[in-house]
Each structure stands twice: as C-alpha cells, then as structure tokens.
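Report on one structure; see the data block that follows.
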Amino acid sequence: MENPAVKDARSKKIIFLSHCCLNQNARVRGLAFAPGVVRPLIDHLLKKDIGIYQMTCPEVTFFGTLRWGQVKKQFDTPMFRAHCQRLVDEILDQVMDYKRGGYEILGFVLMDGSPVCGLDTIPVTADENEDLGGMVWYTPQQSLVEGQGVFAEALKRSAAERGFDDIPFISYPEIDDPALLEKAFSQIEALF
Ligand code: SF4
C-alpha cells in the first residue's frame, strides 16, 4: 500500500538510453548528427514525463574522445568485452534495484550502426579477410551489415540471464532514414 508520507511527483517510470542520445559530443568525430541531444527522441521522451537514464559511453570510457572510428572486429577484444561487461553489470544492478523499489523500466534504447551499441546493424570491413591495424592514414573500406555491437551483446545477454526479459530493446537509427525513424518511434510509443 502506498504510504502518503513518501508520496511525491515521481512517475516511477525510467527509460535507459545510449549515452550519445543525450550527448552527441561523445561520438567519434565526423559522426555527430546533432549539436547536443538527439532532439526528436529526447523531446518526445520529455513530453512523457519519465526519468531518462543515460548509460555510460563504452567507447569514451575506454578510448577517450580523441579515438578513431573502428569496425566491430577491432572492438571485439577480451579487454574491451570485460570493460563493457563491467558497465553492463553496474547498469543492471541499478535496474534490479529500481525494479525492487517498484519502478517500471520501460526499455533500453540503443544507438544503431555502432560497432559497440548497434542493435540491428554494425560496421564491418568490406573485406572481412583484410589485415587491420597499421598507421592512422590507412583505413579500410567499411560497410554496414546486420549484427550487434559488443556492448549491445553484453547488455542483451546479461539482461536475459537476470530474468529481465520483460524489458524491450529498441534500436534508434543514427542515419536520417524516415522508415527506420518511424519504426523506432512506433516502438517507443508502444512503451507507454
Ligand atoms: S553509440 Fe555507444 S559507443 Fe558510440 S558514442 Fe554512442 S554511446 Fe558511445
């Protein structure tokens, strides 16, 4: 039963977002598609009066803000996986605690097209057999394919292991594709 002594204005609803949905400054240079926040998404969520949890950016907290853009294979190392797992464990501990307190976790919204956060698509080298590494003036040709980024994989796997199957995962497109945006917003709308 609700205690009137602790009743306040909170909605008790929270949505979890990839860091760069609220801070495009975290993205690899050349890939920010907004000056600050991703306005269509954030404006939409603000109107819903819910709490917005900004998940830590796995890339910035491992490689910093002066990093180069990479394909998934370059992030797919035991060291970076362990880093992502640490972040995931911390996030899911908080999910667990919020749920214990009666809060509703509406979903995880992940930035698509990222080798780390991508839920539906990730960048790979056009030639998967190509040798990677070397000096910075050499960059391989990239293409987007279906797949999940390193952080997205860890978050999905660990959420399932903890029994959070009721929390939906939603992919937010990093490219201005009307069909993908419509799909993302219809999924977000369905959360409310
Ligand atoms: S997509 Fe993920 S890893 Fe890339 S900038 Fe956004 S939060 Fe960081």
Side-chain angles (χ1 to χ4, degrees), residues 14-46 50-95 105-125 132 136 139-140 142-159 167-177 180-181 183-185 187-188:
I14 309 170
I15 195 163
F16 283 58
L17 305 186
S18 279
H19 182 95
C20 61
C21 296
L22 280 150
N23 177 25
Q24 285 278 295
N25 297 294
R27 289 176 67 82
V28 165
R29 288 189 176 194
L31 295 184
F33 57 93
V37 306
V38 178
R39 274 195 177 273
L41 172 63
I42 303 306
D43 283 348
H44 188 80
L45 295 176
L46 287 175
I50 54 166
I52 300 174
Y53 183 106
Q54 183 182 25
M55 295 188 283
T56 299
C57 173
E59 288 188 28
V60 166
T61 49
F62 198 84
F63 295 103
T65 54
L66 306 183
R67 68 195 184 281
W68 305 102
Q70 299 198 119
V71 293
K72 181 181 174 184
K73 189 194 267 185
Q74 293 166 297
F75 285 108
D76 199 2
T77 68
M79 298 77 73
F80 188 66
R81 283 198 171 277
H83 170 63
C84 288
Q85 191 62 53
R86 278 192 293 275
L87 298 180
V88 162
D89 289 343
E90 187 180 306
I91 290 162
L92 293 181
D93 283 349
Q94 290 180 62
V95 167
I105 308 301
L106 297 178
F108 295 105
V109 178
L110 295 179
M111 186 60 72
D112 203 38
S114 157
V116 173
C117 292
L119 201 54
D120 293 336
T121 56
I122 50 163
V124 296
T125 48
L132 296 178
V136 294
T139 51
Q142 296 187 13
S143 58
L144 277 181
V145 298
E146 282 184 22
Q148 286 182 354
V150 175
F151 176 78
E153 283 177 343
L155 185 59
K156 282 206 88 169
R157 185 184 55 247
S158 297
I167 307 176
F169 281 75
I170 293 170
S171 178
Y172 193 86
E174 64 172 359
I175 50 171
D176 198 12
D177 179 317
L180 292 177
L181 280 169
K183 181 179 167 201
F185 277 105
Q187 288 177 324
I188 289 165

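Side chains included, hydrogens not; waters and symmetry mates left out as well; all remaining heavy atoms used. Numbering of ligands and ligand atoms starts at 1, following listing order. Counting begins at 1 with the first residue of the sequence.
Nearby protein atoms of type N, O or S around atom 2 (Fe) of ligand 1 amount to 1 (distance under 2.8 Å).
Note that CG of Leu180 is 10.5 Å distant from OH of Tyr172, once rounded to the nearest 0.5 Å. Taken from CD1 in Ile105 to CD in Gln94, the straight-line distance is 9.5 Å, to the nearest 0.5 Å.
Two rings, from Phe80 and Phe63, have their centers less than 6.0 Å apart.
Side-chain atoms of Lys72 come within 3.5 Å of backbone N or O of Gln148 as a donor-acceptor pair. A donor-acceptor pair under 3.5 Å is absent between the side-chain atoms of Ser18 and the main chain of Cys20, judged by distance alone. Gln54 contributes a side-chain N or O that, together with a main-chain N or O of His19, makes up a donor-acceptor pair within less than 3.5 Å.
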